[in-house]
Amino acid sequence: SLAEITADKKIHIPTFQRGVVWTKNHRKEFIETVKMGDPFGVILVYQDPRDKHFDLIDGLQRLSALRAYINNPLEFIDENDRFIDEKKVIGIFKKKYELKGMPIPSDVKLQKEVKVFLKKLITEMKKEKKTKPAIDVLQQACDLIGVDKTVFDVLKLFSEFYDDFCNSLQLDPGIKIWAITYTGDRDRLPSVFETLNTSSVALTKYEVFSSQWPSTQVVVNDEELVEKKREKMVKAQY
């Protein structure tokens, strides 16, 4: 489970491991994958018979990203995070204009207002490095929204949004992470690590595009190019 795999002293990092090389975007995208419940590969470990701890052979980048997120999930979040329910935030601002008897702005203007609000709110939360109960951030939120804290309808909507937002930051400690245990000779671990991390043939940009847009059709009028592609496909069948 996630709780077991990130427990202190459960997994050791061998000296032959490289450092953390994933960029902030790599880590953010990986955490999004985990939160969405999509598969994210396996880790390879070796159980030391001397003290029963595990040496991590493959999966350092993923494990370090998980540990970093658990320690401070706010560092992975910005106003564009896909797990923020913007519809609820838009509802807050619509209610504000409604209560003030003002015309509701266009969707584009509302969207900009929501982004500014979320950016300022998350920035303030990051300064604290932790989430607080909704009651503790209400005054700050009201100032950012532009309403008095006695406006119950707006406060209720904000509390609902904020509680959902804080809950979305949490990773289920029971998430299962598939692990393979290497049972070979301990002295071969560095060479196993080297083999796993030897550069292979990377995907071309066209293959990447193909995986991103599987239903997209492209019309090609170059007969020579079409014929070459057809020949390649026929050879692939055999």
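Worth knowing before you read on, the calculation uses all heavy atoms, side chains too, and leaves out hydrogens, waters and symmetry mates.
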Novice: Looking only at the side chains, is there a donor atom on one of Asp107 and Gln111 sitting less than 3.5 Å from an acceptor on the other?
Specialist: no
Novice: Quick one: does Tyr69's side chain have a donor or acceptor within less than 3.5 Å of a partner on Lys28's backbone?
Specialist: no
Novice: With the threshold set at 4.0 Å, does a side-chain nitrogen-carboxylate oxygen contact exist between Glu231 and Lys228?
Specialist: no
Novice: Nearest 0.5 Å, what's the OG1-CG distance between Thr131 and Asn72?
Specialist: 10.0 Å
Novice: Tell me if a side-chain donor or acceptor on Asn71 pairs with a main-chain N or O of Arg67 at a distance below 3.5 Å.
Specialist: yes
Novice: Tell me, do Asn80 and Lys115 make a side-chain contact under 4.5 Å, heavy atoms counted?
Specialist: yes
Novice: Would you compute the distance between atom NZ of Lys126 and atom CD1 of Ile77 and round it to the nearest 0.5 angstrom?
Specialist: 8.0 Å
Novice: Do Ile145 and Lys96 have side-chain heavy atoms sitting under 4.5 Å apart?
Specialist: yes
Novice: Gln139 and Asp143: side-chain hydrogen bond (donor to acceptor under 3.5 Å, both in side chains), yes or no, with the steps?
Specialist: CA-CA 6 Å; Gln139 180 60 63; Asp143 293 341; 3.0 Å; yes
Novice: Hey, are Lys35 and Glu32 close enough for a salt bridge, meaning a charged N less than 4.0 Å from a carboxylate O?
Specialist: no
Novice: At what distance, to the nearest 0.5 angstrom, does NZ of Lys94 lie from CG of Leu99?
Specialist: 14.0 Å
Novice: How are the rings of Tyr46 and Tyr182 set relative to one another: parallel (under 30°), tilted (30 to 60°) or perpendicular (over 60°)?
Specialist: tilted
Novice: Identify the heavy atoms of Gly146 and Lys100 that sit nearest to each other, and give their distance.
Specialist: O-NZ, 2.7 Å
Novice: Ignoring hydrogens and angles, state whether a donor on the side chain of Lys88 or Tyr162 is under 3.5 Å from an acceptor on the partner side chain.
Specialist: no
Novice: Compare all side-chain heavy atoms of Asp55 with those of Val45 and state whether any distance is below 4.5 angstrom.
Specialist: no
Novice: Under the side chain to side chain contact (heavy atoms under 4.5 Å, CB included) rule, what do Leu118 and Asp81 come out as? Steps first, then yes or no, please.
Specialist: CA-CA 10 Å; Leu118 288 173; Asp81 191 88; over 6 Å; no
Novice: Does Ser1 offer a backbone N or O that forms a donor-acceptor pair with the side chain of Glu4 under 3.5 Å?
Specialist: yes
Novice: I'd like to know whether Ile43 forms a side chain to side chain contact (heavy atoms under 4.5 Å, CB included) with Leu63, so could you lay out the CA-CA distance, the side-chain angles of the two residues, the decisive distance to 0.1 Å, and finally the verdict.
Specialist: CA-CA 9 Å; Ile43 63 172; Leu63 184 59; 5.7 Å; no
Novice: Find the distance between NZ (Lys130) and SG (Cys166) and round it off to the nearest 0.5 Å.
Specialist: 12.5 Å
Novice: Looking at Leu225, I'd like to know if its CG atom is crowded, meaning that more than 12 non-hydrogen atoms belonging to other residues, nucleotides or ligands lie closer than 6.0 Å.
Specialist: yes
Novice: Got a sec: does the NZ of Lys120 have more than 12 other heavy atoms crowding it under 6.0 Å?
Specialist: no
Novice: Indicate if Ile70 and Met125 have the same hydrophobic cluster label, given that clusters are the connected sets of ILVMFWY residues with side-chain heavy-atom separations under 4.5 angstrom.
Specialist: yes
Novice: Less than 4.5 Å apart, any side-chain heavy atom of Leu121 and any of Gln140?
Specialist: yes
Novice: Check Leu56 against Pro14 and note the closest heavy-atom contact, atom names and distance.
Specialist: O-CD, 3.2 Å
Novice: Apply side chain to side chain contact (heavy atoms under 4.5 Å, CB included) to residues Ile177 and Leu66 and explain how you reach the verdict.
Specialist: CA-CA 11 Å; Ile177 300 174; Leu66 286 168; 3.8 Å; yes
Novice: Looking at side-chain heavy atoms only, is the closest gap between Leu2 and Leu171 below 4.5 Å?
Specialist: yes
Novice: Any link between Val108 and Leu110 through a network of hydrophobic side chains (Ile, Leu, Val, Met, Phe, Trp, Tyr) touching at under 4.5 Å?
Specialist: no
Novice: Report the relative orientation of the aromatic rings in Phe93 and Phe117; use parallel for angles under 30°, tilted for 30 to 60°, perpendicular for over 60°.
Specialist: perpendicular
Novice: Determine whether Met102 and Val116 fall in the same hydrophobic cluster, where Ile, Leu, Val, Met, Phe, Trp and Tyr are linked whenever their side-chain heavy atoms lie under 4.5 Å apart.
Specialist: no
Novice: Do Ser159 and Leu138 have side-chain heavy atoms sitting under 4.5 Å apart?
Specialist: yes
Novice: Does Glu160 come within less than 4.0 Å of Lys156, counting only side-chain N to carboxylate O?
Specialist: yes
Novice: Using a 4.5 Å cut-off on heavy atoms from C-beta on, say whether the side chain of Met36 contacts that of Arg82.
Specialist: yes
Novice: Might you work through the side chain to side chain contact (heavy atoms under 4.5 Å, CB included) test for Asp58 and Val42, ending with a clear yes or no?
Specialist: CA-CA 8 Å; Asp58 188 49; Val42 300; over 6 Å; no
Novice: Strictly below 4.0 Å, N to O, side chains only: are Glu75 and Lys129 in salt-bridge contact?
Specialist: no
Novice: Under 30°, 30 to 60°, or over 60°: which ring-plane class applies to Phe158 and Phe161, parallel, tilted or perpendicular?
Specialist: tilted
Novice: First locate atom CG of Asp153, then atom CD1 of Ile92, and finally report the distance between them rounded to the nearest 0.5 Å.
Specialist: 12.0 Å
Novice: So, do Lys119 and Asp78 sit near enough that their side-chain heavy atoms are less than 4.5 Å apart?
Specialist: no
Novice: On a heavy-atom basis, which atom in Gly91 and which in Leu157 lie closest, and how many Å separate them?
Specialist: O-CD1, 3.8 Å
Novice: How long is the gap from CZ on Arg62 to CD1 on Ile5, to the nearest 0.5 Å?
Specialist: 10.5 Å
Novice: Can Val114 be reached from Phe83 by stepping across I, L, V, M, F, W or Y side chains whose heavy atoms are under 4.5 Å apart?
Specialist: no
Novice: For a quick test of reading the model, state the closest non-hydrogen atom pair linking Gln61 to Val21 and the distance between them.
Specialist: OE1-N, 2.9 Å
